[in-house]
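Below: the structure, in structure tokens.
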Amino acid sequence: MLWMLFWINAAGTIYGYIWYGQQIEYTLQNQSLWQVIFVPDSPTASLFFTFSLLFLLYPRLSKPSPIYIGARTIIEALGVVTSIKYGFWAVTMILAGSAQGDHLQWQHYMLMVSHLGMAIEALLFIRFFVFGRFAAFLALVWLLLNDTIDYTYYVFPWLPDELENNIGAIQSFTMGLSVISLLLTWLFISFRKV
């Protein structure tokens, strides 16, 4: 089952980077090179989660080094917190666009199912991961940095035209969702220890 989830997440990650291809190309042509890393949000979250699954598929060494432990905890925390955030964010933006007149196509439904799946699997797998509250907080720091870059330099995911007048509200929602994702992670970590 873990291998199946690994391959599904890996395929979704690749598809996500392809989905962002035009925006990545646009950013490379019109913005500073360093901003490109902040463009593909969901696939990067999925990438971290995919790597996190590898830690479960290949259990830790008998005497793991501090570097291994540090890398694993950061990757797992990023995989969980970012997957929760972007999973719920994508679904919300698609529904918000639809509520304002964007016509949903089959790709929208596929994206809602896959992104909701990202958030749910992240919450379900917290109990198997080793990261703690501090690593999750560091993931929040990354998210807030990403949010700040996104809305300062306009490299946030392209939105339907119907939402262009709502960028300020979307920015506030996005940053709030980053914090909520951390709080959900902390809540599920506390259940893990029971």
Side-chain angles (χ1 to χ4, degrees), residues 1-2 4-24 27 37-54 75-129 136 139-140 142-147 149-151 155-164 166-167 169-185 187-188:
M1 172 133 176
L2 277 178
M4 181 180 73
L5 282 173
F6 171 82
W7 289 115
I8 290 170
N9 278 277
T13 299
I14 293 166
Y15 178 79
Y17 282 112
I18 293 169
W19 179 271
Y20 274 93
Q22 289 182 334
Q23 187 174 358
I24 291 169
T27 304
I37 194 171
F38 297 99
V39 171
D41 296 332
S42 294
T44 303
S46 178
L47 179 66
F48 285 127
F49 193 82
T50 302
F51 281 128
S52 298
L53 291 174
L54 280 177
I75 289 169
E76 287 178 352
L78 285 167
V80 167
V81 179
T82 61
S83 291
I84 294 169
K85 186 252 183 88
Y86 294 118
F88 289 129
W89 186 90
V91 173
T92 304
M93 291 303 109
I94 292 169
L95 292 175
S98 174
Q100 294 194 33
D102 188 26
H103 297 289
L104 297 186
Q105 300 171 7
W106 71 267
Q107 294 98 328
H108 292 107
Y109 295 103
M110 179 271 297
L111 288 170
M112 285 194 289
V113 168
S114 62
H115 282 79
L116 191 57
M118 281 175 59
I120 292 170
E121 75 177 350
L123 289 168
L124 290 175
F125 272 81
I126 286 174
R127 63 190 171 137
F128 300 113
F129 294 144
L140 171 67
W142 165 256
L143 282 176
L144 293 176
L145 172 65
N146 191 32
D147 295 342
I149 300 297
D150 276 359
Y151 293 94
V155 292
F156 51 82
W158 285 346
L159 298 164
D161 294 340
E162 291 80 3
L163 295 179
E164 283 187 12
N166 305 107
I167 298 300
I170 291 170
Q171 178 182 4
S172 297
F173 170 77
T174 300
M175 296 183 100
L177 188 57
S178 293
V179 174
I180 290 169
S181 298
L182 172 71
L183 296 176
L184 278 171
T185 301
L187 177 65
F188 276 68

Rounded to the nearest 0.5 Å, what's the gap from [atom1] on [X] to [atom2] on [Y]? Could you check?
{"X": "T50", "Y": "W7", "atom1": "OG1", "atom2": "CH2", "value": "10.0 Å"}
{"X": "L47", "Y": "I75", "atom1": "CG", "atom2": "CD1", "value": "9.0 Å"}
{"X": "F49", "Y": "M118", "atom1": "CZ", "atom2": "CE", "value": "9.0 Å"}
{"X": "E76", "Y": "S52", "atom1": "CD", "atom2": "OG", "value": "5.0 Å"}
{"X": "I24", "Y": "I37", "atom1": "CD1", "atom2": "CD1", "value": "11.0 Å"}
{"X": "I126", "Y": "T185", "atom1": "CD1", "atom2": "OG1", "value": "4.5 Å"}

Give the minimum heavy-atom separation between [X] and [Y], together with the two atoms involved.
{"X": "A136", "Y": "A77", "answer": "N-CB, 3.8 Å"}
{"X": "T174", "Y": "Y151", "answer": "OG1-OH, 3.2 Å"}
{"X": "G87", "Y": "A119", "answer": "CA-CB, 4.2 Å"}
{"X": "I149", "Y": "V155", "answer": "O-CG2, 3.8 Å"}
{"X": "L116", "Y": "V91", "answer": "N-CG2, 4.0 Å"}
{"X": "L123", "Y": "F188", "answer": "O-CD2, 3.5 Å"}

Counterpart residues, side chain to side chain contact (heavy atoms under 4.5 Å, CB included), relative to [X] (two or more places apart):
{"X": "T82", "answer": "A45, L78, Y86, W142, L143"}
{"X": "I8", "answer": "M4"}
{"X": "L159", "answer": "W89, M93, F156, L163, I167, I170"}

Please list every donor-acceptor pair under 3.5 Å in which a side-chain atom of residues 94-112 meets a protein atom from a residue at least two apart or in another chain.
from : atom 1 : to   : atom 2 : distance (Å)
Q100 : NE2    : N166 : OD1    : 3.2
H108 : ND1    : Q105 : N      : 2.8

Query raised in the report: Between T92 and L177, is a side-chain contact (heavy atoms from CB on, under 4.5 Å) present by the stated rule, with each step listed?
Result: CA-CA 11 Å; T92 304; L177 188 57; 5.6 Å; no
Requested in this report: I would like to know whether F125 and V80 meet side-chain contact (heavy atoms from CB on, under 4.5 Å); could you show each step before the answer?
Outcome: CA-CA 8 Å; F125 272 81; V80 167; 5.8 Å; no
Query raised in the report: Pairs in or reaching into residues 11-20: which pass side-chain hydrogen bond (donor to acceptor under 3.5 Å, both in side chains), with residues at least two apart or in two chains?
Result: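 Every pair satisfying side-chain hydrogen bond (donor to acceptor under 3.5 Å, both in side chains) with a residue in residues 11-20: T13-S46, Y17-T44.
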Query raised in the report: Any salt bridge (charged side-chain N to carboxylate O under 4.0 Å, His left out) pairs touching residues 83-96, not counting sequence neighbours?
Result: K85-D147
